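The block underneath contains the structure these notes are about, expressed in structure tokens.
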Number of protein chains: 2
Amino acid sequence: MSEPAIGLSPLYIQVRDELTRRLAKGRWRPGTSLPSEQGLAREMGVSQGTVRKALDGLAADHILVRKQGRGTFVAEFEESRILFQFFRLWPDSGERMFPTSKVLSRTTEKGSARERAALGLGLLSKIVRVERVRYHGRVPILREILSLPAGLFPGFNEVRQVPNNVYQFYSERWGIRITKTKEKLKAVAADTNDRRALGCAVGDPLLLIERLALDINTRPVEYRRSFCLTTHMHYASDVT
Amino acid sequence: MSEPAIGLSPLYIQVRDELTRRLAKGRWRPGTSLPSEQGLAREMGVSQGTVRKALDGLAADHILVRKQGRGTFVAEFEESRILFQFFRLWPDSGERMFPTSKVLSRTTEKGSARERAALGLGLLSKIVRVERVRYHGRVPILREILSLPAGLFPGFNEVRQVPNNVYQFYSERWGIRITKTKEKLKAVAADTNDRRALGCAVGDPLLLIERLALDINTRPVEYRRSFCLTTHMHYASDVT
DNA sequence: CAGTGGTCTAGACCACGTA
DNA sequence: ACGTGGTCTAGACCACTGT
């Protein structure tokens, strides 16, 4: 790290990548603090400013959280963060809240072509599939199907109950931390499954959110299709 | 700017705000370059690093564009930028392209309650309204209604033709530059207007995108409702 | 070549949180 | 009082662009 290293990426990128590797290996647990900027700078043989730029980048991606006077921490998956960062549905009026869930079914099977394509898996791969309905207060707002590569989540279907906050669950149980999602939205007509789960009529317009969630190594680890009733909710997206 | 200024915001924020004021006043036209970092630093009596941090912030917001070896430029509204920054609809397969438009109607009237609320206008305000259909190649993909505060766009409806790229139009004709948008999405059922414009059936599910566009002073300047056929297109949203 | 933004360093001081 | 991150400065060198 103290060589001139002609032609390589900038130092602060190398530092960021090194920190990312350590985080991916679980060197520091979510909620704990990293060494100070000065400490990391000494250890890596670079200036504090270079470490700072690397840490700022990771904080911008919500992988780290900076707290003035306290230190730099590994981000956790509390409901407030999930609601802020990943959950984009808002009630048209009234209070925002973390949606509750009721699991309808859980299976482990050979994945469909769609699931394999989304998750980048081979023909033989098993998939863990969870179907659930989510509620805003007492009102059902969406039905969703989660698809996970069974190989990454050993023992998933031996777990008694799937918690409501699954990203926290992935992190605490398997050390898999979601850092990015890519979503594709379409309007579709409700089918009989939607009618049963949501109480709408067949043919009613639903917002389909197709989400691929990536871990810290940008590896796809969850594929999710949410069918949302948007009579009293909307999906918010701010562009800057 | 050389005073200690206890209790005020950080220097680089003050510099950013001063640059924003100058940009809002049209001190530099889109496409032209600002003075160099050193020049601005000398003029404002701060260090180059402080100016750099201010410029980096404006570049992150796509208000400025940095070009190594050339300078810092005021962002323009070429189609490629609009497509990249503001247009979130992608074809499910095939090539991406800037959608073409056919204007269906143009009026200037008293705004509806919905429009007034969205744009923050009073009861007496006039609204310019444009309805158009947009195409991906030859395929109609959406019908949309643009609503503008007539007071901000004098002479709008005397213009012969509304160009396809309206954000460029707003910028060149009235100096109003869109920098941010907030969108709310819902799934709705097509009505007879949609059937006529898009050739779908009444009741077909459509993606409604309700967009509020803000200028550099975060003042709302355009309200837009787009009804999109998502049989061969989807809305993309990446979260990080 | 000169001029621009991009990286890197070193050091000072401030604001905040904890003890 | 101390340690943390946040701001600000000054100066060096690199990478890129145009003449």
Side-chain angles (χ1 to χ4, degrees), chain A residues 1-20 22-23 28 30-76, chain B residues 1-20 22-23 28 30-76:
Chain A
M1 198 78 60
S2 49
E3 308 306 313
I6 305 164
L8 287 186
S9 51
L11 246 192
Y12 73 92
I13 299 285
Q14 296 176 45
V15 172
R16 173 165 68 62
D17 291 348
E18 171 59 22
L19 291 170
T20 302
R22 293 186 188 180
L23 286 161
W28 303 289
T32 64
S33 70
L34 273 64
S36 70
E37 296 181 350
Q38 286 288 8
L40 288 169
R42 261 197 314 276
E43 186 214 330
M44 301 195 187
V46 301
S47 78
Q48 182 188 9
T50 301
V51 170
R52 164 177 294 277
K53 202 163 177 184
L55 292 173
D56 283 345
L58 293 167
D61 288 347
H62 304 106
I63 292 170
L64 300 177
V65 178
R66 311 271 248 148
K67 296 184 186 172
Q68 185 172 148
R70 305 231 287 126
T72 302
F73 298 79
V74 182
E76 297 187 88
Chain B
M1 196 80 58
S2 49
E3 306 309 312
I6 305 161
L8 286 185
S9 51
L11 247 191
Y12 74 91
I13 298 286
Q14 296 177 44
V15 171
R16 172 165 69 63
D17 291 348
E18 170 60 19
L19 290 171
T20 302
R22 294 186 187 180
L23 286 162
W28 304 288
T32 64
S33 70
L34 271 64
S36 70
E37 296 179 350
Q38 285 287 7
L40 288 168
R42 261 198 314 278
E43 185 213 332
M44 300 196 188
V46 301
S47 77
Q48 183 188 9
T50 301
V51 170
R52 162 178 296 277
K53 202 162 177 185
L55 292 173
D56 283 346
L58 293 167
D61 289 346
H62 303 105
I63 292 170
L64 300 178
V65 179
R66 311 272 249 147
K67 296 184 186 173
Q68 184 173 152
R70 306 228 288 123
T72 302
F73 298 80
V74 182
E76 298 186 87

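Heavy atoms only: backbone and side chains are in, while hydrogens, waters and symmetry mates are out. All values derive from a computational prediction rather than experimental measurement. All chains are named by letter (A, B, ...) in the order of the sequence lines, taking the proteins before the strands, and each is independently numbered beginning at 1.
Listed for the B:Gln38 side chain is no donor-acceptor partner under 3.5 Å among the backbone atoms of B:Gln48. Although no hydrogens or angles enter the test, the distance criterion places no donor-acceptor pair under 3.5 Å between the side chain of B:Thr50 and the main chain of B:Val46.
Regarding B:Leu40, its CG atom lies at a distance of 17 Å from the C1' atom of D:dC8, rounded to whole Å. Taking atom CZ of residue A:Arg42 and atom P of nucleotide C:dA10, one finds them 13 Å apart after rounding to whole Å. Atom pair B:Leu64:CG and C:dG5:P shows a separation of 11 Å (rounding to whole Å applied). Between B:Leu11 atom CG and C:dC14 atom P the separation is 14 Å, expressed in whole Å.
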* To do: Could you check A:Leu23 against A:Trp28 for side-chain contact (heavy atoms from CB on, under 4.5 Å), going step by step and ending with a plain yes or no?
  => CA-CA 6 Å; A:Leu23 286 161; A:Trp28 303 289; 3.8 Å; yes

* To do: Before giving the answer on side-chain contact (heavy atoms from CB on, under 4.5 Å), spell out for A:Val65 and A:Thr72 the whole-Å C-alpha distance, their side-chain angles and the decisive distance to 0.1 Å.
  => CA-CA 6 Å; A:Val65 178; A:Thr72 302; over 6 Å; no

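With rounding to the nearest 0.5 angstrom, the CG atom of B:Leu34 is 9.0 Å from the CG atom of B:Leu58. In this structure, CG in A:Leu19 is found 4.0 Å from CE in A:Met44, a value given to the nearest 0.5 Å.
Rounded to 10 degrees, the angle separating the terminal axes of the helix from C:dC1-D:dG18 to C:dT18-D:dA1 is 10°, with each axis obtained from five end pairs.
Taking all atoms of both residues into account, the shortest heavy-atom contact from B:Ala54 to B:Tyr12 is CB-O, 3.5 Å.
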Hey, what are the protein-to-nucleotides 4-6 of chain D N/O distances that come in under 3.5 Å?
{"residue": "D:dT4", "atom": "O2", "partner": "A:Gly69", "partner atom": "N", "Å": "3.2"}
{"residue": "D:dG5", "atom": "OP1", "partner": "A:Thr72", "partner atom": "OG1", "Å": "3.3"}
{"residue": "D:dG5", "atom": "OP2", "partner": "A:Glu37", "partner atom": "N", "Å": "3.1"}
{"residue": "D:dG6", "atom": "OP2", "partner": "A:Arg52", "partner atom": "NH1", "Å": "3.2"}
{"residue": "D:dG6", "atom": "OP2", "partner": "A:Arg66", "partner atom": "NH2", "Å": "3.4"}
{"residue": "D:dG6", "atom": "N7", "partner": "A:Arg52", "partner atom": "NH2", "Å": "3.0"}

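Ion pairing between B:Glu37 and B:Lys53 fails under the 4.0 Å rule for side-chain N and carboxylate O.
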